[in-house]
Amino acid sequence: MNIEMQLKGILIAGVKELYGQEINKNQAQVQITRKDLTGDFTIVVFPLLKVSKKSPEDTANEIGAYIQQQEPAVANFNVVKGFLNLELAADYWLNLINDIVVQEKYGYKTADENSPLMMIEYSSPNTNKPLHLGHIRNNLLGYSLSRIAAANGNKVVKTNIVNDRGIHICKSMLAWKKWGEGVTPESSGKKGDHLVGDFYVKFDQEYKSEIDTIIKEKISEYPAIKDVDDFKKTFAALKSKKKTKEGLNDAENEQFKACEELSKYAENNAPLILETREMLRKWEAKDPEVYALWEMMNQWVYAGFDVSYKKLGVDFDKIYYESDTYTVGRDMVLGGLEKNLFYKREDGSVWANLEDKGLDEKLLLRKDGTSVYMTQDIGTAKLRFDDYSIDKMVYVVGNEQDYHFQVLALLLDKLGFKWGKDLVHFSYGMVELPHGKMKSREGTVVDADDLVDEMVNTARVMSKELGKLDGYSDEEAEAVFRMIALGALKYFILKVDPRKNMTFNPEESIDFNGNTGPFIQYTHARIQSIFRKAAEKGIEVADKAPTDVEIGEKENNLIRMIANFPNVVEEAGRVYSPAVIANFAYDLAKEYNQFYHDCPILFEEDENKRMMRLVLCKSVGKTIKNAMWLLGIDVPEKM
RNA sequence: GGUCUCGUAGCUCAGUUGGAUAGAGCAACAGCCUUCUAAGCUGUGGGUCGCAGGUUCGAAUCCUGCCGGGAUCACCA
């Protein structure tokens, strides 16, 4: 049990003894004392005044005296403005640090056979385009969450559901067939996912121009509109006006409907889309030629993704493919239909009615019996449940799908999955550019591979200028450059609250100084350097600090922060937030650098003090390393 | 329009179940390497916590209303 809980217990007992009343846990507030004040833990006495019926000062003094008497670790206390600040004895902290320094996995809980199994789904790419910055955020969050979950004593299965089928996949297939001239990743020297992505873009361009052609042909039927440009402008203007408070008047509304009709007609009758649909039908019928093409192009993409995943340093325990799960989902829905959980409309489509839950009706199977997105997620859930005894399911998916997961939770619950109702949609915010969302059509997408490569280059240039990797081989140095580059990128993404949208400015490169990953990595390298120097000088570094030594303010701050690490890990797990860990790591590194600047370590002449500081350095290094591991960030020995 | 979400320094972000004088970094300026790694440390300037009410010993934090941004409400995934 940690000291905070102990103090809380004593506080509750003390109030009972002094004032004869039970208080609840919310009234017993023990928090870490602000840095600028004397003390280690603070008890807020305001909530206790109703019970004590005394002034804040008197209450604080009485409780302070009681706690000091009950808990030998409390050496002293002071009262400021009704806040009771407790000061713990130096040897309490020194014993604590001696305890911490020998724990390799300090801050982590380990899972045993009875631990809950948490499955975490993340990444979940489409196989028609390469990964971009948005995917990076998803991957880094998912990977970090899996480590945080493991450190909180869960058994963890990392999983990925690959979106490998559907009309969008057929688009790039068709484009390759039409215009690819047999090009392959090998023949073009292009990464498979990028090559396929190019054909998806090509399809889009051609499709757009076909739509324009159709609109042009049909435009004579709409006398009010001159040409295609005019049509587009009018339509866009009406659309945005519709969104305003003013809305559309009757005439405009009619015009809007006409535009919409024409636009839909063109989209649905362009030859390319008709061909694509035909291709999807053939795929579902397992037409050998289409199926072979699909398999070939998907393999290209997977090879490309593997490279990107490796570059980012993420991996999975189990990968599912929607081409395997979508038929399972269909069966599940039909099963639910038999049990009257769902209903069928006259046209043959299957729906769930969620109006009693405050939501609307949701389509589960089209009238031709084919699956939609929701159906596939149900199927995937079934397969996962068959494969693992899942206690908790976490989906790392963007916040644009909040509604989808609200519905999915209800549907899975209806279908009898025990974790359905409590599934966690880890809903993270979008990565935006200074001018808004990334748009592939406008070429503003930040490619994942390019970004990582750029970062590695920057790290290499910077590192070489500083020249601190003497004695490293090219390979070793290259590994450090990569470590720093990824540290910068990962920390940049993970330090912000995952639920919030974040901004990335491609004009400004990601920093390596200040509140950054490299700053924290640097702090670790600095600490390791001390131990190398100690070895050179023949200074012994024990695993135990003497307990009769005085500790200064900076040292005390550091010990308190380290002592709090397990609480931070627990909180990060509870609220699903790597940012909590990132901010902790930064604060600790910052505090350490101040200490490093102010206090001699190897040069300290008092042997006891020197030993204590060395043990402290070791603990800080370990804690930084363990915190960064939870973010998926490695720390170097030198940089 | 319904639902959800966000709004903190010029910019990017912290700010625990409501707690003490709202903090970092970047950018700007001024300092610190003949002692352990200067990717560091110190200092200066920079705030109506979107606005207005309410709840109470106490509100950036909770409630209500408004303003502003974003998402979503598809037989797309």
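Just so it is clear, the values below take in all heavy atoms, side chains as well, and ignore hydrogens, waters and symmetry mates. Here is how names work: the chains are called A, B, and so on, in the same order as the sequence lines, proteins then strands, and each is numbered from 1.
Using P as the reference atom, B/G19 and B/G25 are 23 Å apart when rounded to the nearest Å. A gap of 32 Å separates the C1' atoms of B/G7 and B/G43, to the nearest Å. When the P atom is used for both B/A24 and B/U72, the distance is 38 Å, rounded to whole Å. One C1' atom belongs to B/U5, the other to B/G46, and the distance between them is 30 Å to the nearest Å.
Among pairs with a residue in residues 591-606 of chain A, those fulfilling salt bridge (Lys or Arg N to Asp or Glu O under 4.0 Å) read A/Lys35-A/Glu591, A/Glu604-A/Arg613, at least two apart in sequence or across chains.
Looking only at distances, a side-chain donor or acceptor of A/Arg560 sits under 3.5 Å from a matching main-chain atom of A/Thr33. In this structure, the side chain of A/Arg532 engages the main chain of A/Glu637 through a donor-acceptor pair within 3.5 Å. Formation of a donor-acceptor pair under 3.5 Å by the A/His425 side chain with backbone atoms of A/Val397 is found in this model. Of the possible donor and acceptor atoms, none in the side chain of A/Glu4 sits under 3.5 Å from a partner among the backbone N and O of A/Ile32. In this structure a side-chain-to-backbone donor-acceptor pair under 3.5 Å is present from A/Glu555 to A/Gly552.
With a glycosidic angle more than 90° from 0, B/C41 adopts the anti conformation.
Each of A/Val80 and A/Lys554 was matched to the nucleotide of RNA chain B holding its nearest heavy atom; the match closer to the 5' end belongs to A/Val80.
Heavy atoms of A/Arg532 sit under 4.0 angstrom from at least one base atom. At a threshold of 4.0 angstrom between heavy atoms, the contacts of A/Thr42 include nucleobase atoms, whether or not backbone atoms are also involved. Across all strands shown, A/Pro600 has heavy atoms under 4.0 Å from base atoms, whether or not it also approaches the sugar-phosphate. When heavy atoms are screened at a 4.0 angstrom cut-off, A/Cys599 is found touching base atoms of the nucleic acid. If you check every strand for non-hydrogen atoms under 4.0 Å, A/Ile484 touches a base. Residue contacts for A/Lys468: at a heavy-atom cut-off of 4.0 Å it reaches a base atom on one of the strands shown. Counting non-hydrogen atoms under 4.0 angstrom, A/Asn85 reaches a base of the nucleic acid. Looking at heavy-atom distances under 4.0 Å, A/Leu466 makes contact with a base. Across all strands, A/Glu637 comes closer than 4.0 Å to base atoms (heavy-atom distances).
For A/Tyr592 and A/Phe595, the gap between ring centers is short of 6.0 Å. Under the 6.0 Å cut-off for aromatic ring centres, A/Phe426 and A/Tyr395 do not qualify, their centroids lying 6.0 Å or more apart.
In this structure, CZ of A/Phe492 is placed 10 Å from P of B/U12, rounded to the nearest angstrom. Rounded to whole Å, the distance from CZ on A/Phe512 to P on B/A39 is 13 Å. Atom CG in A/Leu359 sits roughly 12 Å away from atom C1' in B/C4 (whole-Å rounding). Atom pair A/His524:NE2 and B/G40:P shows a separation of 17 Å (rounding to whole Å applied). Spacing between atom CE of A/Met639 and atom P of B/A38 amounts to 12 Å, rounded to whole angstrom units. Here the P atom of nucleotide B/G70 and the CG atom of A/Asn501 are 11 Å apart, to the nearest Å.
Comparing B/U37, B/G19, B/A14 by their closest approach to the side chain of A/Val44 singles out B/G19. For A/Lys500, the listed nucleotide lying nearest its side chain is B/G7; candidates were B/G7, B/C13, B/U37.
Both thresholds, 5.5 Å between centres and 30° between ring planes, are met by A/Phe83 relative to the base of B/A20, so the two rings are stacked.
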### Query
How would nucleotides 55-63 of chain B be written as a contact map, 5' to 3', with B for base contact, S for sugar-phosphate-only contact and - for no contact, using protein heavy atoms under 4.0 Å?
--B------
### Summary
Under a 4.0 Å heavy-atom criterion, the protein footprint on nucleotides 71-77 of chain B, written with B, S and -, is SSS-BSB
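Cation-pi geometry between A/Arg499 and A/Tyr428 is not satisfied (NZ or CZ under 6.0 Å from the ring centre, within 45° of the ring normal).
Side-chain N/O atoms of A/Ser463 and base N/O atoms of B/A39 include a donor-acceptor pair closer than 3.5 Å.
Under the side-chain hydrogen bond (donor to acceptor under 3.5 Å, both in side chains) rule, A/Ser323 has a single partner from A/Thr127, A/Asn298, A/Asp164, A/Asn163, which is A/Asp164.
Here OG1 of A/Thr375 is found 10.0 Å from CD of A/Glu322. Values are rounded to the nearest 0.5 Å.
A side-chain N or O of A/Glu361 and one of A/Tyr343 form a donor-acceptor pair less than 3.5 Å apart.
Taking the charged nitrogens against the carboxylate oxygens, A/Asp347 and A/Arg345 have no contact shorter than 4.0 Å, which rules out a salt bridge.
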Nucleotide N/O to protein N/O under 3.5 Å, stretch nucleotides 23-26 of chain B:
from: B/A24; atom 1: O2'; to: A/Tyr586; atom 2: OH; distance (Å): 2.8
from: B/G25; atom 1: OP1; to: A/Lys590; atom 2: NZ; distance (Å): 3.0
from: B/G25; atom 1: O2'; to: A/Asn515; atom 2: N; distance (Å): 3.2

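Applying the 4.0 Å criterion to OP1 and OP2 of B/A39, one finds that A/Arg526 has every side-chain N and O outside that range. Distances shorter than 4.0 Å separate none of the side-chain N or O atoms of A/Lys495 from OP1 or OP2 on B/U12. OP1 or OP2 of B/G19 has not a single side-chain nitrogen or oxygen of A/Lys81 nearer than 4.0 Å.
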### Query
Given Watson-Crick or G-U pairs with both distances under 3.5 Å, what dot-bracket string fits RNA chain B, with | for other-strand pairs and [ ] for crossing?
(((((((..((((.....[...)))).(((((.......))))).....(((((..]....))))))))))))....
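Here A/Trp283 pairs with nothing under the side-chain hydrogen bond (donor to acceptor under 3.5 Å, both in side chains) rule; sequence neighbours left out.
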